[in-house]
Visitor: 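Questions regarding the structure given below will be posed in turn.
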4 protein chains.
Amino acid sequence: MPKVGFEPIRKKQLIEATLLSIGEHGLQGTTINTISRFSGMSSGIISHYFGGKQGLIEATVRYLLDQLKATLLQLLSQADTSPQQRLMMIVEANFTNIQQSDAATRTWLSFWAQAMHDPELAKLQRVNSQRLLSNLRYSYKRLMPYDKAVDASKMTAAMIDGFWLRSALSDSSMVDFEESELLCKHFINTLILQYGDL
Amino acid sequence: MPKVGFEPIRKKQLIEATLLSIGEHGLQGTTINTISRFSGMSSGIISHYFGGKQGLIEATVRYLLDQLKATLLQLLSQADTSPQQRLMMIVEANFTNIQQSDAATRTWLSFWAQAMHDPELAKLQRVNSQRLLSNLRYSYKRLMPYDKAVDASKMTAAMIDGFWLRSALSDSSMVDFEESELLCKHFINTLILQYGDL
Amino acid sequence: MPKVGFEPIRKKQLIEATLLSIGEHGLQGTTINTISRFSGMSSGIISHYFGGKQGLIEATVRYLLDQLKATLLQLLSQADTSPQQRLMMIVEANFTNIQQSDAATRTWLSFWAQAMHDPELAKLQRVNSQRLLSNLRYSYKRLMPYDKAVDASKMTAAMIDGFWLRSALSDSSMVDFEESELLCKHFINTLILQYGDL
Amino acid sequence: MPKVGFEPIRKKQLIEATLLSIGEHGLQGTTINTISRFSGMSSGIISHYFGGKQGLIEATVRYLLDQLKATLLQLLSQADTSPQQRLMMIVEANFTNIQQSDAATRTWLSFWAQAMHDPELAKLQRVNSQRLLSNLRYSYKRLMPYDKAVDASKMTAAMIDGFWLRSALSDSSMVDFEESELLCKHFINTLILQYGDL
DNA sequence: GATGAATGAGGCTTCATTCAT
DNA sequence: GATGAATGAAGCCTCATTCAT
């Protein structure tokens, strides 16, 4: 009987423990030991599976990016979605992700700050940033002239990221996610009304 | 001959060195030693003037906040500014600040990430965040109904912060500050056109 | 094969190294590094096992106190000891302890000096000081009226501590432990002769 | 007009400040800065007058020793003192010194602990220790045979030091100085009664 | 003479990594 | 595969000393 690969299970447990630790202690306050405590495993296993702390951090970012991607794909997979509906879904996917876990939200910011001085994280960040932009542009292009669509996607991406940033930095109780989501959607509709006669 | 107070001079030198260090190594990579190397002074002087690394970090944040505030005050001090002109100036002040120094821009993000787990920085962040919001609201209220003004200021603040965030995370060469600034201004004008019949 | 707990072994090694270091360099001159050099281990191990230097110092005091207690218990455990014999044994236990190790003797004084400004050490010192007093009183009470016994134990404790202090402060070669011990015993016998008709 | 020597005045002020600092912070907790704060003078002056911290510490010990010596000389200078009266006075001088200042008492212990690893302090300690012994012996010899006098002075010195040590280590409120002094005197009288038929 | 700003060595602690079991 | 004891580099802070004024 082949030993089932414990590896993917262990890896996922360690990534989840990393998210818990960063949510509680911040990225700076997260050490090999806090992670191993959250995971219930030994500290040595981290080097064993990820080659070191840095490797685990990067794997954790990839994990979050994949989740975001999956959320979006799931929403967009529904048949017969108009470009306008798709834009709403993109907004929803981003805000759903924010609301899912306060810890994860705060974690993103830690990662991006770190990304400024870490090429590997920077690469991941760039991919993520571009994906939002191109997703938006893809739909906008179906609703308005190209140059308007380019500007619209830039403004929309900025607004989504801005609301996200402000929520990450505020007491979670102080932010009204639903309102932020509505304002974003409202903005998109305004843009479509304004330029959307194609 | 008045004995010039060396204290403010030294403090400013150390704060500038801190900005240089964070710009180059990031907040995490910035140590007592990197700062003292940039400042050309000894490591002990930091504790002497700021009571420790933490004190210097906080002083540096206050320094940046004061700069931003001063930039804005200077712009707004001009007589006969219409609400619309003031809104443009708020945008300009924020983007001027961003462009002034790549190091400073990147530094902000480091600070805000740290603020999530540092009450003192969090307080400063909150003040800064609220100031932008209330400045915007103050002018919007003169142009449109109150509830519209509230929403407009939230969206505008988010867009400004979003563009700022995206610029901090990108290679400086890749971001077109002027375009971002123009898009923000365009957005504001759109809002005014839309709701601004008061 | 039972996994032998290395913890108690390492802890004892570190405590012994601490005694050696204090004996040679004094408490002030004892650092994490002198201790780790004496123990042949790394400096990090101290925080690992004792949480820090302070913890190791306190554990070392407790170790010495336990040794003194054990020496006394062993002597007093012998059956059929008269109160007078017990008093002699108390004296012997204290002087045995002194003679055992020059380093330990000197160490005590360092500890007590530190105890004046360290609540945890002060607590240990108070326990030790009271124990000698109450041990003496317990036996004296069987030989003389209560108020005489109280005074006798105070004087005896003072004399023992005084001889101990003087020996700690002298070149070890200059002090005649046996003579000090004899003088203490002689003093006790005198007291018993004087008041001991109960 | 010759400038009056400020030197002795400054020196005394610094020594007094040293005693205050050690009383409050302990010898370990006493730094150049705590002393200069207590003295109201600059930190640099210490090196100027005493060559360094070590020099000031030693001067402070000499100051205390001189005070003790002076107290004793003053008491003994009275004409027509019998040997027995002189012994009482020696006890009184020692306990007067203790009671004078809680800070000074605690200071002594710090010094003696340090003396174990500081040749200069050790020398001073030895002188002080021998002086008490020889003062006692001088008087005892007039009251009893030489060998008895030698033993008597050793025991008396030990008892005085022992009570002093116990008082230094206790909460000042817990120690009854008067009782300790009486017990010492009582002990001396007993010795004289016992052997004093010369 | 007197100051106190500035230095920098050295202390304690933290923590990612290694490796014998 | 998995552990966690042990290492030691590096960080921050303290503080005696120096020296220009």
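The sequence lines fix the lettering, A, B, ..., with proteins before strands; numbering per chain opens at 1.
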Visitor: From the options E:dG11, E:dA6, F:dG11, select the nucleotide whose nearest atom is closest to the side chain of C:T31.
Guide: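 The listed nucleotide nearest to C:T31's side chain is E:dG11.
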Visitor: Can you check whether B:W112 reaches B:N128 side chain to side chain, under 4.5 Å on heavy atoms?
Guide: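 Result yes, sub-4.5 Å side-chain heavy-atom pair found.
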Visitor: Does A:K53 reach the main-chain N or O of A:S47 with its side chain, forming a donor-acceptor pair under 3.5 Å?
Guide: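 Judged by distance alone, no pair lies under 3.5 Å.
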Visitor: Calculate the interatomic distance between B:N33 atom CG and E:dG8 atom C1'; express it in whole Å.
Guide: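 Rounded to whole Å, this separation is 10 Å.
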Visitor: Given atom CD of B:Q28 and atom C1' of E:dA16, what is their separation to the nearest angstrom?
Guide: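 Whole-Å distance recorded here is 13 Å.
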Visitor: Could you tell me whether B:R106 and B:E24 have a side-chain N and a carboxylate O separated by less than 4.0 Å?
Guide: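 Judged by the 4.0 Å cut-off on N to carboxylate O distance, B:R106 and B:E24 do not form a salt bridge.
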Visitor: Is it true that C:E58 and C:K123 have a side-chain N and a carboxylate O under 4.0 angstrom from each other?
Guide: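 No salt bridge links C:E58 with C:K123.
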Visitor: Would you mind reporting whether C:I22 and C:F111 have side-chain heavy atoms less than 4.5 Å apart?
Guide: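 Heavy-atom side-chain distance check passes, below 4.5 Å.
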Visitor: Whole angstroms only, please: what is the CD1-C1' distance between C:I35 and E:dC12?
Guide: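 To the nearest whole Å, that distance equals 11 Å.
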Visitor: Looking at side-chain heavy atoms only, is the closest gap between B:Q28 and A:Q114 below 4.5 Å?
Guide: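 Side chain of B:Q28 against side chain of A:Q114, heavy atoms only: contact under 4.5 Å found.
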Visitor: Under 3.5 Å, is there a donor-acceptor pair linking the side chains of A:S43 and A:S36?
Guide: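 Result is no, nothing qualifies.
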Visitor: Using Watson-Crick and G-U wobble pairs whose two distances are both under 3.5 Å, how do you write the pairing of DNA chain E as dot-bracket, with | for links to another strand?
Guide: .||||||||||||||||||||
Visitor: Please give, in whole Å, the distance from F:dC15 P to D:I57 CD1?
Guide: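 My rounded result for the distance is 13 Å.
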Visitor: Just the atom pairs and distances: protein N or O near nucleotides 17-20 of chain E's N or O, under 3.5 Å.
Guide:
from, atom 1, to, atom 2, distance (Å)
E:dT17, OP2, A:K53, N, 2.9

Visitor: Considering heavy-atom distances to DNA chain F, does A:S42 or B:G29 have its closest nucleotide positioned more toward the 5' end?
Guide: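 Its nearest nucleotide lies further toward 5', so the answer is A:S42.
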Visitor: Would you mind reporting whether A:T107 and A:L19 have side-chain heavy atoms less than 4.5 Å apart?
Guide: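 Sidechains of A:T107 and A:L19: in contact.
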Visitor: When the distance from CZ of B:R10 to C1' of E:dG4 is rounded to whole Å, what number comes out?
Guide: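 Rounding to the nearest Å, CZ of B:R10 and C1' of E:dG4 are 13 Å apart.
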Visitor: Answer yes or no: does a side-chain N or O of D:H48 lie under 4.0 Å from OP1 or OP2 of E:dT3?
Guide: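 The answer is no; no side-chain N or O of D:H48 sits under 4.0 Å from OP1 or OP2.
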Visitor: Given the ring of D:Y63, does D:K12 sit roughly above its face, with NZ or CZ under 6.0 Å from the centre of the six-membered ring and within 45° of the axis?
Guide: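 No cation-pi geometry.
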Visitor: How many Å lie between CD1 on D:I45 and C1' on F:dA16, as a whole number?
Guide: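 Rounded to whole Å, this separation is 16 Å.
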Visitor: Answer with base, sugar-phosphate or nothing: what part of the nucleic acid does D:F50 contact at a heavy-atom distance below 4.0 Å?
Guide: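 Contact class for D:F50: none.
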Visitor: Figure out the OH/P separation between B:Y49 and E:dT7, and round it to whole Å.
Guide: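 Those two atoms, OH and P, are 9 Å apart.
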Visitor: I need the CZ-C1' distance between C:R37 and E:dG11, as an integer number of Å.
Guide: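 From C:R37 CZ to E:dG11 C1': 12 Å.
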